[in-house]
Structures are given as structure tokens and as C-alpha cells.
Colleague: 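The structure under discussion is supplied below as C-alpha cells; questions concerning it will follow.
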2 protein chains.
Amino acid sequence: MYSRGMNMDKAHYHGGRPRSEQARAAILNAADDLLVEVGYAAMTMKGISEKAGVSRQTVYRWWSHKAEILFEASAADAEEELATSLTGDPLDDLAAYLEALVRFLAHSPAGAAYRALLGEAQHDSAVAELLSAKDPLGDSARVVIERALGKDTLPVPLDQATALLIGPSFFWILSGRDPVQLVPRQLAEDFIRDLQSRQSR
Amino acid sequence: MYSRGMNMDKAHYHGGRPRSEQARAAILNAADDLLVEVGYAAMTMKGISEKAGVSRQTVYRWWSHKAEILFEASAADAEEELATSLTGDPLDDLAAYLEALVRFLAHSPAGAAYRALLGEAQHDSAVAELLSAKDPLGDSARVVIERALGKDTLPVPLDQATALLIGPSFFWILSGRDPVQLVPRQLAEDFIRDLQSRQSR
DNA sequence: ACACTTTCGGCACACGGTGACTCGAAATCC
DNA sequence: GGATTTCGAGTCACCGTGTGCCGAAAGTGT
């Protein structure tokens, strides 16, 4: 996640003061905190550097946008919150995943970060590339579907299957509707049925 | 769409210079043009006023954010592009609607405006209220489902049905995937099957 | 021990957008 | 004609951005 024209090739690296892990962690934490305290819109590079007790230059040296910082800061949390335990029963697994997904998108700070980033991606190609390089939602859904149903028996490209599974909940929350009204188990049933019906054609 | 503390109550309105329709149209057009020319991020209130040949104060008098301007400027286009003709066959109708939806979201300037606004809504409550007050996607989908399937026979609240129909395509495009790979007719079939299967329970 | 390289914090700067203010002129109703 | 409201134009303080420069710190290799 080195945004500037960093050169970490061993061939050209000739020592120098090592990067301060303390400063790095402070910046990431400050970004995380600021997101929940003042929201994404009011978040600034200046504010992050001040909250982290770090020079603004130090921030710009490693990240060029606040989106990059937030992406790195929330990536680990996102991955963890969207990880699922496999019970063996596909329906249970998928329903559990959808529940975790809704919780993530609607209530988790990391989810708020993801929504903010995906929002920016709609009108900032740099952020769009960031997300397309590593999309926590798509990745987690892929894993769950593979493990729950087996990757070889899918009648549809895996990516399209993820859209079928995630789509409804995704739209529901992104469009600002009340997540309580979602029924993950019902949606998981629909998903399985769709795949089965597509298989027999 | 009077953002400032406008007072249009007849009881308090005592004449005055009428609002210039020319200035209003010029501002809305300028916003539309700027969106496709420089993108949402580079769009500014200053730029809009200059392009419209209008004082910046005149812009601020009627709209407080660029989101409000863009919302008003693209609302008509969005409604028109998402309107569908009814053929009588539910599957045809829904498939045609999904095709129009994908075209709107992925290729239309009004769709770009909508994505930008929905993005802003993820971290700006003012924009979120704007969209929840009148959501072109939700509204158009509601109409199509009602006309194609009849509003009384739905086994699911209408809002949730719209999420089932729209969701997959919505996620696909918002997450930056290639719209060509979407198969509207297939998705329409899935949707109808889901509703039928839910009904028989 | 020494030179070299890179990061660090702190300060300063130009640039551009924001949102509010003032002013005089124009347009409409009573 | 008086009251009211919008219009264009200009001005202003404020803030975030991104860059540049400085000296100090903390590592590398010889």
C-alpha cells in the first residue's frame, strides 16, 4: 500500500531511516476514529495528521488520499467481520453470511468506511481502482459460495453468483432502507433456488 | 426544491421580483453539462455559476449543495429513462425494465448523476434525505412490478420485491463490474420464480 | 568512525472552493 | 410610488490541499 513512487526493490534500497511503525499505526487509528467521530465528509488529511500527532508531510508521503488511508485502516476489520464459520449445511452457512453482511454494512464502523469508499468510487476513478483491486464484499462472498456449494457445480460464473446473493441486501442498505426488515434466511433460500433452477436447463 | 429558508406562504408573500426562469434553467443545464465534462468530484458551485453566466449568490439562494442542483437537474431525465412500456407479458416487461436500468446506471449521464448522489448519501445525511424523499430507482421499480404482476398478489412487501429485482444488477454496476455480462432476462426469470415460490408457503 | 540514505516533525506558501456579506439595479404586487 | 424580492457584481475570511524547505533522527554500508 505504498502510494507514492516508492522504491522498495532490494536492488536499489540502500538503507536510510526505517519507516516508523508507530507513526503508521497512529495514522491508521486516527483515520478509524475520525470516521466514527466526525464522519467521512468532515474527515481531512489535516485532521488525521493532527489527531495522529504526526506531520502532515508524513501522511502524504505514504498515502495520497484519505480514501487510501481509510481503505487500509478498515481492510483488516472488514475481512474479519465478513469471515464465516462453516457448519456444513449450505443454507445455514449462506444465511449466517448474509446476516454478517447486513451487520457489517449497516452497523459496523468498517462497513461505514466501505460504504464511504464505494460512494467515492462512483465519482473518483482512483478510489474505484482501489476497490476493484481488492473488494472485501466480493471476496468474502466468493469464499462462502465456494465452500457452501462447491466451486465446480456452479451453473453461473462465480462473480455473477455473488451478485445474486449479495445484491438485494446491498441495494436495501445502500439506498437507506431499514435493515431490520431484511430476512437473511429467506434471501439465502432464494439464492439456492435460483442456482438449482439455472442448473436444470 | 427551495433549500433556503424560503417563505412561499401566501400570507407572507407580498410581491417582489419574480424568480428568473432563465437563470434557473441555465444553472440546471450547466450542472448537467459539467457532470459529463469534468465529473462530479471536480464540479463546484463556483464552476456552475460561471458556466451558467450567473452570480454565485444566485446559485446559493436556491440550492445549498451541488448535490441538490444535480438532483433536480437529473430527476426528469432519470424518470424518463426508467419509464417502461407495458407489453402485457410480465417476463418481457421486467426484462425490458432491467435492461433500461442497466443502461441508465452504466451509460446514462443521469445515471452517473444518480450514482454520484447515492455515493454522497453514504456519508452526507443531507443527500441521504434527498434521495429517500424521492428515489427514482425504487419508484420506477415499484411501478413496473405493480403493473407487471399486480399489486395485490405480492407475497412480499413491495419495497422488498424491488430489492430482489434490482439488487443484483445494482451491486454489479456499483461495484464496478462490466455491465455487458448481465443477462436481464435471466434475472427477471429468477425474480418471478422467487415470488412464486414464496407465495406457495 | 564515517558517509550515505531515508524518514521524521515543523513551518511556510500558493491555490482554489466555500459561504456570507454588501451594493445598486431591476421587476413585480398593492 | 412604496414595499418586497431577485438579480449581477464584487469583496471577504476561512479552511483544506498539496508542495517545498529545513534540520534532526535513525538506520545502512564501508
Side-chain angles (χ1 to χ4, degrees), chain A residues 1-28 30-31 34-35 38-70 120 123-124 126-127, chain B residues 1-28 30-31 34-35 38-70 120 123-124 126-127:
Chain A
M1 198 55 41
Y2 305 105
S3 60
R4 312 303 264 204
M6 278 297 299
N7 195 344
M8 295 295 273
D9 302 293
K10 288 148 203 151
H12 298 71
Y13 181 68
H14 290 305
R17 178 174 180 172
R19 179 176 184 182
S20 164
E21 174 57 31
Q22 182 186 343
R24 179 183 165 278
I27 292 170
L28 259 34
L34 272 182
L35 180 71
V38 305
Y40 181 84
M43 221 175 116
T44 66
M45 299 290 266
K46 194 179 180 182
I48 294 174
S49 70
E50 286 170 359
K51 180 151 197 128
V54 153
S55 165
R56 205 152 81 258
Q57 196 58 257
T58 302
V59 180
Y60 276 108
R61 197 190 323 274
W62 301 102
W63 301 276
S64 41
H65 319 297
K66 61 175 173 177
E68 285 189 354
I69 307 180
L70 203 55
E120 287 287 289
H123 46 74
D124 187 332
V127 182
Chain B
M1 197 55 41
Y2 304 105
S3 59
R4 312 302 265 201
M6 279 297 300
N7 196 344
M8 294 298 272
D9 302 294
K10 288 148 205 152
H12 298 71
Y13 182 67
H14 290 306
R17 178 174 179 172
R19 179 177 184 181
S20 164
E21 175 57 30
Q22 182 187 340
R24 179 183 166 277
I27 292 170
L28 259 35
L34 273 182
L35 180 71
V38 303
Y40 181 84
M43 223 175 114
T44 65
M45 298 291 266
K46 193 179 180 180
I48 294 174
S49 70
E50 286 170 359
K51 180 152 195 127
V54 153
S55 166
R56 209 151 79 256
Q57 196 57 255
T58 302
V59 179
Y60 277 107
R61 196 191 322 273
W62 301 102
W63 300 277
S64 40
H65 317 297
K66 61 176 171 175
E68 284 189 354
I69 306 181
L70 203 55
E120 286 288 289
H123 46 75
D124 187 332
V127 182

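Naming convention: chains lettered A, B, ... in sequence-line order (proteins, then strands); numbering from 1 in each chain.
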Colleague: So which protein nitrogen or oxygen atoms get under 3.5 Å of nucleotides 9-11 of chain D's nitrogens or oxygens?
Modeller:
| from | atom 1 | to | atom 2 | distance (Å) |
| --- | --- | --- | --- | --- |
| dA9(D) | N7 | S55(B) | OG | 3.2 |

Colleague: Does the side chain of M45(B) come within less than 4.5 Å of I69(B)'s, by heavy atoms?
Modeller: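 Yes. Closest side-chain heavy atoms under 4.5 Å.
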Colleague: Send over the distance from R19(B) CZ to dT28(C) P, rounded to a whole Å.
Modeller: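 About 15 Å, once rounded to whole Å.
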Colleague: Ignoring hydrogens, what is the shortest heavy-atom contact between Y40(B) and L70(B)? Give both atom names and the distance.
Modeller: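 So the minimum-distance heavy-atom pair works out to CD1-CD2, 3.5 Å.
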Colleague: S64(B) pairs by side-chain contact (heavy atoms from CB on, under 4.5 Å) with which of E68(B), R61(B), K66(B)?
Modeller: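 Only match with S64(B) under side-chain contact (heavy atoms from CB on, under 4.5 Å): E68(B).
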Colleague: Can you list everything that forms a salt bridge (Lys or Arg N to Asp or Glu O under 4.0 Å) with R24(B)? Sequence neighbours excluded, please.
Modeller: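 R24(B): salt bridge (Lys or Arg N to Asp or Glu O under 4.0 Å) contacts with E21(B), E72(B).
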Colleague: Quick one: Y60(A) OH to dG9(C) C1', roughly how many Å, whole number?
Modeller: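 To the nearest whole Å, that distance equals 16 Å.
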Colleague: How long is the line joining CZ of R24(B) and C1' of dC7(D), in whole Å?
Modeller: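 Checked: the CZ to C1' distance equals 17 Å.
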Colleague: Measure from the side chain of P18(B), starting at C-beta and using heavy atoms only, and say which of dC7(D), dA27(C), dT7(C) lies closest.
Modeller: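 Looking only at heavy atoms from C-beta outward on P18(B), the closest nucleotide is dA27(C).
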Colleague: Can you check whether any acceptor in the base of dT5(D) is under 3.5 Å from a donor in the side chain of R17(B), or vice versa?
Modeller: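 Not at all, since no donor on one side and acceptor on the other fall under 3.5 Å apart.
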Colleague: Return the set of residues passing side chain to side chain contact (heavy atoms under 4.5 Å, CB included) with A52(B) (not counting sequence neighbours), or none when no residue passes.
Modeller: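 If we apply the side chain to side chain contact (heavy atoms under 4.5 Å, CB included) test to A52(B), skipping adjacent residues, the hits are A26(B), I27(B), A30(B), V54(B).
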Colleague: If you look only at pairs with a residue in residues 43-54 of chain A, which of them pass as a side chain to side chain donor-acceptor pair (under 3.5 Å), with sequence neighbours excluded?
Modeller: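 Output for this query lists E37(A)-K51(A).
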Colleague: Write down the distance between CD (E68(A)) and P (dT17(D)), rounded to a whole number of angstrom.
Modeller: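 Going from CD in E68(A) over to P in dT17(D) covers 14 Å.
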Colleague: Taking all non-hydrogen atoms of both residues into account, name the closest pair between R19(A) and W63(A) and its distance.
Modeller: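 That would be NH2-CH2, 3.2 Å.
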Colleague: Take atom NZ of K66(B) and atom P of dT18(C), then tell me their distance rounded to the nearest Å.
Modeller: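 Spelled out: NZ on K66(B) to P on dT18(C) is 7 Å.
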Colleague: Tell me whether the OP1 or OP2 atom of dT5(D) has a side-chain N or O from W62(B) closer than 4.0 Å.
Modeller: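 False: W62(B) side-chain N/O out of range (4.0 Å or more) of dT5(D) OP1/OP2.
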Colleague: Rounded to the nearest angstrom, tell me the gap between atom CD in Q22(A) and atom C1' in dG9(C).
Modeller: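 It works out to 13 Å between those atoms.
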Colleague: Can you tell me if T58(A) touches the phosphate of dT7(C), counting only side-chain N or O atoms and a distance under 4.0 Å to OP1 or OP2?
Modeller: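 For dT7(C), neither OP1 nor OP2 has a side-chain N or O of T58(A) closer than 4.0 Å.
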Colleague: Mind running a 4.0 Å heavy-atom check of residues 40-52 of chain B against DNA chain D and sending the residues that fall below it, in number order?
Modeller: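 By residue number: none to list.
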Colleague: For A126(B), check side chain to side chain contact (heavy atoms under 4.5 Å, CB included) against everything at least two apart and list the hits.
Modeller: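 If we apply the side chain to side chain contact (heavy atoms under 4.5 Å, CB included) test to A126(B), skipping adjacent residues, the hits are H65(B), D124(B).
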